[in-house]
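In what follows, a structure is listed as structure tokens, so that the remarks can point back to it.
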Amino acid sequence: MLLGVVTANASARPSDGPERAAKLDDDGRTLTLSVDYPDLFDPVQARRLDSGFATHVVARAWLFRDGKGKPEALALRTFRVAYDLWDEVYLVEEHDESGTHTYREPKREGALRRITSLTRLSIAESGRVPEGVRHVVAVLVEVNPVSPELLAQVRRWLTRPPEAHRFTDAGESFFGSFVSIFLNPRVGDAERVLRFRTSPFFRPVRIQPAGKAARPPPGPVPSPAVGPALGPALGPKGEVGR
Amino acid sequence: MIGAGRFERRIVLALLVCAVIPLGASAWMVDRLIGSAEALATGEGEGRQAAIERARGAYIALFADRKAALKQRGAELARAAPAGPGGLERFLDERLASDGALKFVRVVHEDGSPPIDRTRPGPFQGGEFRELRVDEAALGRRFELTYVTPRAPFREFEELGEIEAGGAGLGILHQRIGGVYRVVFLGGLGLALIAAAGLGLLLARGVTRRVLQLSLATRRVAAGDLEARVAATGRDEIADLGRAFNRMVTELAQSRERIAYLQKIGAWQEVARHLAHEIKNPLTPIQLAVQQLRTSYVPPPQEGEDRYGRTLEEAAEIVGEEIAGLRRMVEEFSAFARLPRVECARVDAGLLVEEWLRGHADFEGRVELAAPAPAPTVNADRLLFRRALHNVVENALQAGATRVWVTVVQVGAQVTFTVEDDGPGVPGELRDRIFDPYVTTKEHGTGLGLAMVKKIVLEHDGTIAVGARAGGGARFTITLPLAPS
């Protein structure tokens, strides 16, 4: 368990992956992330969406204080897309903490657009993101990750091999148990993994009517505010990053 | 220490080599095995993927065929539908009754007359079917047809997709499992090597530590310290070596002590011989002169006290007694100086003591012997050893003992003669010197008796020690080596 947590954390370092343009919004209640990652699928992989079999996409976003290694918040959104051979549409199911939404897309491009972008993913409550403190969001997207059920099944096989494959009972089972200790759920066990992060950002300090405004932290000079309340972005035109 | 370290390194290296060769070979074999298993798994996975692809194609064809068939049935229905409204409704009812796949029909007239809806009688389990909407137009009417088809093949197709996803996941995990197996095996290999090195170091240190102790003790012995000993615990060869070393040093110390004592006794024998010679020579003239004085003295003729004559008589008696004492001393000195060389022969130890005791009737009732029959055999000079034994017993009796116990027992490779008495014992401060010549506790003793005893015993390659008897008195312990059989 501990190893799994450590491994999961190790896969979500804020320094992982290149910076990518992203949009962060703050409506005063929730900090949301919108970002596209169309490079998740190459043309060959994209055509596999037509197979009729379901494809799963799991996107995780960790909120870090800039320069810190411990995440302050985690957001998760999963997609399931399958081409319905009978109705000849792409059924996209999107699931996150707000619930499940189903979309019918007649074109592959539409379905791809759905699953290769995060639109207004709730990262954290605004109150949990202090004003004027630089943060960064690290994103990890997996295509068809190994399911926990499959992993549990494999661990069972290793611990108690099927009767037909068992040539020694105690020794093999012991060795299998030993090996299964190291076979833990790990972020990144997937057909394809994409990691990136946003540029550092911070919520702007609100001007107090009668008080003094706090000084922004050292760093690049903030550009005009992005979104309703989200402060300075490092990139132009309402996007952070390049 | 440097040598010991080198030895330790060699032992550790040897154990490491012994551990590395089979473990390395098995690691290589395990790696090959894992590689083969991965290759098999990959091949199996590819085969399964191909089968899934074929099944997928079959399902796609099935769905397409079914869809085309339903559309064709819809077109045929639209073409066959009669023009009149009464006939159309009857036709639709007949079709709904005869076509199990048709669920609902709506006919919309282009002239604006009310549409006709017909639904298949009987319940439809919506979850068990999928619907297909077919729109057809004919003779100014639009037919909106809803067909159904069983959902089961679609579920099977979904399951096929799950199998395909599981296969892909297994493909990912295969690589990890192989890696984990390698890591676990290499970890085990590393642990085994560490254990082998630790064991080697432990074993080597157990040996080198004792070898080092032996080396240090040897150096002390070489420097003349015969008190050096090593802790010889255990049952291995090094412990045997330690015990042998201790025995050797003990024997060396005894031998050195024996040689030193015999040299010292030899010197004292020479002194005794000189003393005896120097004292003995004038004794006879002195005795003769005194006798001449006595015989040549003529008492005065007058009556009365002859004071001079009485004094002369008394002086002559004193001189005679002292001369007799000196003669005895000279005899003892001579006896001490003329101790013969030991000539050993095999003899029963108990018999040896018994024969000596039988020849001394004066000891009867005072000296008691306890010896096994037959007693162990020793190499001894009968005459000299009896003399030594006699000296010890006589010494005890002269010291005031009333009972003496002589015991003969075999202890290991030695025979022990114990002489215990109920006399005053030997004071502790004298025990170290009691066997030196001229050391005595008796008023008229010469201190040569026990010196002779020790000389005789040492020349028998034996030892002698004095201590205290448990119930009071002295205890002399003489040990002689057991005669080789």
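In this text the structure is predicted, and so the values were computed from the model without any measurement. So you know, we letter chains A, B, ... as the sequences are listed, proteins then strands, and number each from 1.
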Using atom types as modelled, flag every donor-acceptor pair under 3.5 Å from a side chain in residues 57-66 of chain B to any protein atom, sequence neighbours excluded.
| from | atom 1 | to | atom 2 | distance (Å) |
| --- | --- | --- | --- | --- |
| B:Tyr59 | OH | B:Glu156 | OE1 | 2.7 |
| B:Arg66 | NH1 | B:Thr149 | OG1 | 3.0 |

When only heavy atoms count and the cut-off is under 4.5 Å, which of residues 87-118 of chain A reach chain B?
A:Asp87, A:Glu88
CD on A:Gln45 to CG on A:Asn144, rounded to 0.5 Å:
10.0 Å
For B:Glu131, which atoms come within 4.5 Å of any heavy atom of chain A: side chain, backbone, both, or neither?
backbone
Would you mind reporting whether B:Ile116 and B:His109 have side-chain heavy atoms less than 4.5 Å apart?
yes
May I ask you to check whether over 12 heavy atoms, not counting those of B:Arg48, lie within 6.0 Å of atom CZ?
yes
B:Arg205: partners by salt bridge (Lys or Arg N to Asp or Glu O under 4.0 Å), with sequence neighbours left out
B:Glu8
Does this structure show an ion pair linking B:Arg56 with B:Glu53, if we count only N-O contacts that are shorter than 4.0 Å?
yes
Under a 4.5 Å heavy-atom cut-off, does chain B meet the side chain of A:Thr55, its backbone, both or neither?
neither
Taking distance alone, no hydrogens or angles, what donor-acceptor pairs closer than 3.5 Å link side-chain atoms of residues 188-197 of chain B to residues at least two apart or in another chain?
none

